[in-house]
Peer 1: 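Please find one structure pasted underneath; my questions will follow.
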There are 2 protein chains.
Amino acid sequence: MNGIRRPYRRETEDVRREALISAALDLIAVGGIKAATVRAIAEKAGVTSGLIRHYFASKEDLVRESYHWMMQRMTADSADVLKDSECDSITDLAVFVAATLVPPVVDAARLGLWAGFMHEVQHDPLIRQVHIQTYLCYRDVLQSLIGPLPRAVSAEQLRADAIACNGVIDGLWMEACAVPEIFAPGEIQRIGLTSVGAILGVDLLSAHEKSQRPTS
Amino acid sequence: MNGIRRPYRRETEDVRREALISAALDLIAVGGIKAATVRAIAEKAGVTSGLIRHYFASKEDLVRESYHWMMQRMTADSADVLKDSECDSITDLAVFVAATLVPPVVDAARLGLWAGFMHEVQHDPLIRQVHIQTYLCYRDVLQSLIGPLPRAVSAEQLRADAIACNGVIDGLWMEACAVPEIFAPGEIQRIGLTSVGAILGVDLLSAHEKSQRPTS
DNA sequence: CATCTTATTGCACACTTGAATAATTCATCT
DNA sequence: AGATGAATTATTCAAGTGTGCAATAAGATG
């Protein structure tokens with residue numbers, strides 16, 4: 001058989017793996033896990049489907065690694081918000097909460113991705129571990145922002161506060177992603193700041209407003 | 001061909017439709033949407049796969065109706081908590097919040113079900129409409145519980161409070177379903193009561209404790 | 001009991017799926 | 001340049017997918 005084959009370039013393992021992972025995540029975000037077939041992934045990554053099994057033990061394996069990759073990126077993204085902050089602890093927290101409740105963190109595709117994996121969290125041990133690790137990591141960041149606040153609380157109370165704040169933020173993020181049209185612009189962000197502030201007994205709303213305009 | 005056919009009983013349309021819907025939901029809860037194949041659904045419902053197309057225009061159609069059915073049941077369940085309450089408004093709210101944050105509402109299968117459909121919410125117009133309707137309905141119940149509280153707030157504030165409380169509850173519910181093992185028993189419930197109370201400026205925790213033991 | 005309606009089965013069909021493997025072609029090394 | 005090795009393609013395969021439709025038997029009606 002001598003049909004003409006498509007030309008190709010050889011790439012490093014890292015390049016190909018990342019291309020396949022990105023393609024898988026794109027597909028899952030838009031069409032759910034069922035849309036991530038080997039053929040669709042390969043086409044989106046610009047290769048043929050056979051290559052998937054060359055770099056991953058199975059398609060399942062690729063999906064698992066994709067989840068890990070995505071969660072790592074999300075964690076890094078949220079940590080970046082505070083990278084070079086020179087503000088007080090209240091303002092840091094306000095900025096952190098506010099950033100989580102507007103685009104690009106609020107994004108239908110991101111929610112689709114997150115939900116697409118949620119069921120695997122129940123059954124795949126590795127995915128479950130990644131989920132827990134990412135959740136705890138995010139909560140720790142939150143706790144490290146809550147801790148320095150000018151309040152006197154026990155360690156137990158601090159943990160409870162972090163869980164609670166994480167809960168509000170997650171819940172609001174979800175609804176904002178799912179059906180943004182039923183909220184006014186900026187409403188969810190404002191509600192998030194107010195609620196977290198109420199839980200912690202600090203005024204996050206004005207702290208956030210203050211952080212917006214000192215560009216003078 | 002005259003192989004012996006499996007015997008069967010004729011049932012009404014309602015019985016069969018509900019059996020098929022229940023079977024579909026069971027499968028989706030455990031294995032995600034991809035597990036809900038026509039053959040698996042039919043087997044679990046005790047019929048053969050051809051019957052699905054007799055009662056539903058397509059498998060997709062069955063899935064859509066299943067979602068609708070599930071959401072209606074969830075809404076009804078949460079409304080039932082307050083059915084014959086004779087308590088004051090604070091206690092009603094406390095009971096409502098508390099009920100959402102323990103089993104059977106907190107349940108991995110329920111979360112799996114909910115997440116399994118989340119992606120369809122983005123793309124299927126009917127499912128999206130059902131989602132919005134259910135969300136607003138739940139929030140209205142919440143708002144009707146918040147409204148009578150002994151506080152003086154504007155209508156706008158009331159709406160914001162309801163959104164915020166719904167957010168906390170959703171977020172905590174999610175984490176409790178997903179990874180219950182990282183929380184102490186009753187911890188999420190307590191945190192939920194405290195947080196919602198803090199947002200609204202009322203003491204839900206003691207209101208709930210009070211409602212537990214007046215069985216004298 | 002005979003007849004009729006239709007709920008239900010059983011099967012075939014066309015397609016898609018993930019996986020396995022043979023066949024190629026690119027890039028590197030001497 | 002020419003050979004070597006491995007990245008990549010192309011093809012095949014068995015299993016599973018939803019759908020369409022004819023055959024059948026359950027149960028109501030007369």
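What you see is a predicted model; the values in this text were computed from it and never measured.
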Peer 1: Using atom CD1 of B:Ile41 as one end and atom P of D:dT17 as the other, report the distance to the nearest whole Å.
Peer 2: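 It works out to 11 Å between those atoms.
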Peer 1: Do you know which two heavy atoms are closest between B:Ala178 and A:Met118, and how far apart they sit?
Peer 2: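 Nearest pair, atom of B:Ala178 first, then A:Met118: CB-SD, 4.4 Å.
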Peer 1: What integer distance in Å separates A:Lys59:NZ from D:dG16:P?
Peer 2: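 The distance from NZ of A:Lys59 to P of D:dG16 comes to 15 Å, rounded to the nearest Å.
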Peer 1: Got a sec? Which of residues 24-33 of chain B come in under 4.0 Å of DNA chain C, heavy atoms?
Peer 2: none
Peer 1: Got a second to check how far A:Arg139's CZ is from A:Thr134's OG1, nearest 0.5 Å?
Peer 2: 13.0 Å
Peer 1: Would you mind checking if A:Glu120 and B:Lys34 are paired as a salt bridge, meaning a charged N to carboxylate O distance below 4.0 Å?
Peer 2: yes
Peer 1: Between CZ of A:Arg16 and CZ of A:Arg10, what distance do you get to the nearest 0.5 Å?
Peer 2: 11.0 Å
Peer 1: B:Arg39 has an atom CZ; how far is it from atom C1' of C:dC11, in whole Å?
Peer 2: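 Value for this atom pair: 10 Å.
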Peer 1: Under 3.5 Å, is there an N or O donor on one side and an acceptor on the other linking the side chain of B:Arg53 and the base of D:dG18?
Peer 2: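 Answer is no: no donor-acceptor pair is held.
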Peer 1: Please encode protein proximity along nucleotides 5-10 of chain D as a string of B, S and -, counting only heavy-atom distances under 4.0 Å.
Peer 2: BBBBBB
Peer 1: Between C1' on D:dG16 and CD on B:Glu43, what's the gap in Å once rounded to a whole number?
Peer 2: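 It works out to 14 Å between those atoms.
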Peer 1: Within the 4.5 Å heavy-atom criterion, are A:Phe56 and A:Ile21 side-chain neighbours or not?
Peer 2: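 A:Phe56 reaches A:Ile21 side chain to side chain.
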Peer 1: Looking only at heavy atoms, which two atoms of A:Ala45 and A:Leu20 are closest? And how far apart?
Peer 2: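 Answer, listing the atom of A:Ala45 first, then A:Leu20: CB-CD2, 3.7 Å.
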Peer 1: Is any side-chain N of the basic residue among B:Glu187 and A:Arg159 closer than 4.0 Å to the acidic one's carboxylate O?
Peer 2: yes
Peer 1: Expressed in angstrom and rounded to an integer, what is the separation of B:Ile52 atom CD1 from D:dT17 atom C1'?
Peer 2: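 Atom-to-atom, B:Ile52 to D:dT17, this comes out as 12 Å.
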Peer 1: With rounding to the nearest 0.5 angstrom, report the CG to CD1 distance, B:Asp61 to B:Ile52.
Peer 2: 11.5 Å
